[in-house]
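Here is the structure we will look at.
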Amino acid sequence: MNISKSISGNEAMLKLEGWLDTQAAIELAEVLETIGPEVDTMIFDMSDLEYISSSGVRQIVSVHKKLNGRLTLKGVNDNILDVFKAIGIDKKIRIENE
Amino acid sequence: MRRDDNKKIRLTLITRVSLIFTISLILASIVAAIISSISLYRGTVMESSDVARTALVSAQELVREVDPFFNFEYDQKLQKELHQSFRRICSRTQLRYMYLYTIDEDQVVHYVICAADADEDDRLMNELRGYGTSNSRALLDSEKNALNGNLDGGSEYVSNEFGSVYMWIMPVTDDDGDLKAFLGADYSIDHLVELAKENAYLYCAGTIFAMILSLIIASRLIKHSTIMPIKQLSDQMTLFAKNKELVPIGRNTYFEDEITDIESSFSEMVKEISDYTENIEALTRDKVQNQTQMEIARNIQCGVVPQNKELLKDLISAFGFSHPAKEVGGDFYEMFELDDDRLCILIGDVSGKGITAALFMMMIKSAIREKIRSGREVADALNEVNCDVCASNPEFMFATVFAAIYDRKNAVLSYANAGHNPPILIKDDPAELEVEPGIAIGMFEDIVINPYELKLENGEGILLYTDGITESINKDSEQFGVDRLKAEVKRSYGNKSSVAAKDFVMEVSDAVKVFTGDLEQFDDMTMVALVVSKDEEKEIYETSLLPELSEFGKIKDKLLNTFISIDKAKKAALACEEAFVNIVSYSGADRISFTLSRDQGFVVVSYCDNGKEFDPTGYGNEVKEFEELDSGGMGIFLIRDNSDELHYDRKDDKNILTLKFKNTDPEEN
């Protein structure tokens, strides 16, 4: 798992690469801890994310709740979209695929 | 150049001939006028000469009669009488002057009588050349001759103070023949010319009239005999060039000439061109038809023979590949499962090209498949299809076929060959499969194709191919050949990553592509491979894991590599991870054993732990509300959603959770 973070003003962009499994979800939680309260909008770039487990989904849902829905997921591939659909969060969280 | 040609003035033949005739008419008229004028003048002179001579003779007679003793020199009455007579003669004969004179010893001329027709002339002559006048002019030739005794007389052209005249001289003799005097008679040249002119005009007019008449007749003849046929021919040629059709000339001729030669050559040429055009049109039609046929044949072939097809059963993989050439040959392959343990592959090549070959190929292919499906052994199936085809094969088409069935239960490959090239046995030292060549299906009814059997070891297989592979050529016109094929299979076998049939086929295909380079493929290339998985693939993998989340990393790669499709592998990994996380998080187990195995196309994962009793199959039916999701509960849902089967069992105080996953390429379903 490789997470890169960039913040400009009140907006944070996280690029997630590789496998977001249970172990990686802990890393993601640690990265999210470092983001201060001034950030109220986040974008997760998931175009190079290959896998997501329920722990990863849990992190995404908690960010979504914390920011009152100001979270956008980009580049979500079909495998991961299938997981979202199975759980039913694809309709709750804003997903932008070009 | 053409532009210049177009600018040329059009001059029709008839105009041209008329022009030539007119020019020649003018030239001929001029020449005729000149010649006739000269000859007429000469004629007039000759005629005048006769007149003058007659006049002189009559004058001489007159002198002799009137003055037999030649006293005219002294008798004035006589002179007057003679003068009057001379004038009469002049008037009658249109002579200008007539005179009588003598020449003395000193060659001095003494004039006696000079008469002229016109009064003015006569008066002037009498004054200047009257009786008693003399002059000593140079003597004329005829006068000299007469003095010397030659009394023939003569004529001469003389130009003197009286104008230009033609002078006739006649010596006058007495009865004894002695020269007594000379008689002279003059014709005016102007008068002669006048005379000639009158005649010439008449003559020229007649000549020109005759010429015009003959020219009209000649031009009519030329028009009908030469120009009209040429014009007709020209019109026909123009018409033929424009409309490509010919109206027959139908001209009756009594003679053969250059025009009839041209006409017959033209007719011949037209016939040849028409035939040639028809021939070309027919050829073009045929070509278009052939192209359409080829297109249809290609569509049939591509529809019936997929470019790629993969069949995966547990431990067996089969892969077919067909790449038709621009003009499809008639290669085909087929692969299908007979039951859980048996898989059939076949390959073939139909003689000929086009729709007939494509349809024959379809027929052969489905006939063999149905025979095998209905339970025939491969050899029997081929023999029966051969008999059926031979019974009705009006086009004399035939097909080479190699068919094989692999039975997983006893690992035996049973096969038969109907005239196809022997397949390559995939093993550490690849070789051509031992099989009799057989005879292509559709050739002879009474042949027998024999069955063969071979036990395939794990990791081994066979590669079926058509001659398009081995006969593909490189830029040096070398064939790929069986040796290169065997070498390529050997290389693939040694390569750890080549485990499935697809790997072998694609590596050979790539090698052929590299070998031929940019050259156009001239024959279909078709291959089918069947490979039995290597021994270790069957292994059941067992390991024990500590109840820590990071322990899943130990089994993750092993799990992923078991699957053919990476998407399926990810789904399985998700289900397995969620199951493992659940056990670690909730069961309180201190030891978890993990087993991974295969079972008839399934990958089976099993967790066994000594934690408290927990049956996850009973949960996860109800969909959780979104707001609760971050607190968990998604795991069981994902396990159920991403596994094909899920079982729970409680045995010996242990939880046993079994997950089953289909191990197939999702595209196949």
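The chains referred to below are lettered A, B, ... by the order of the sequence lines, with proteins before strands, and numbering in each begins at 1.
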Open item on the list: If you count every heavy atom of other residues, nucleotides or ligands that lies below 6.0 Å from B:Lys612 atom NZ, does the total exceed 12?
Closed with: no
Task: Identified side-chain contact (heavy atoms from CB on, under 4.5 Å) partner of A:Ser54 from the options B:Ile639, B:Leu638, B:Leu574 - done: B:Leu638
Task: Spacing of B:Phe552 atom CZ and A:Ser53 atom OG [to the nearest 0.5 Å] - done: 9.5 Å
Task: Heavy-atom contacts under 4.5 Å, residues 27-47 of chain A to chain B - done: none
Open item on the list: Report which part of A:Glu50 has an atom under 4.5 Å of a heavy atom belonging to chain B: side chain, backbone, both, or neither.
Closed with: both
Open item on the list: Counting neighbours of NZ on B:Lys660 that are heavy atoms of other residues, nucleotides or ligands and sit closer than 6.0 Å, is the number greater than 12?
Closed with: yes
Open item on the list: More than 12 heavy atoms of other residues, nucleotides or ligands under 6.0 Å from CZ of B:Arg591: yes or no?
Closed with: no
Open item on the list: Could you work out, with ring-ring contact (aromatic ring centres under 6.0 Å, His included) as the rule, every residue matching B:Tyr607, not counting sequence neighbours?
Closed with: B:Phe594
- [ ] Check each atom of A:Asn79 against the heavy atoms of chain B and say whether the ones under 4.5 Å are side chain, backbone, both or neither.
- [x] side chain
Open item on the list: Run the side chain to side chain donor-acceptor pair (under 3.5 Å) test against B:Asn299 and tell me which residues pass, sequence neighbours left out.
Closed with: none
Open item on the list: The criterion is side chain to side chain contact (heavy atoms under 4.5 Å, CB included); which residues satisfy it with B:Ser606, sequence neighbours excluded?
Closed with: B:Thr595, B:Ile656, B:Thr658
Task: Heavy atoms from other residues, nucleotides or ligands near NZ of B:Lys654 exceed 12 (cutoff 6.0 Å) - done: no
Task: Under 4.5 Å from any heavy atom of chain B - which part of A:Ile60 - done: neither
Open item on the list: Let's test your reading of the structure: which of B:Lys571, B:Glu577, B:Lys570, B:Glu578 forms the most heavy-atom pairs below 4.5 Å with chain A?
Closed with: B:Glu577
Open item on the list: Using 0.5 Å steps for rounding, measure from the OH atom of A:Tyr51 to the CG atom of B:Leu560.
Closed with: 8.5 Å
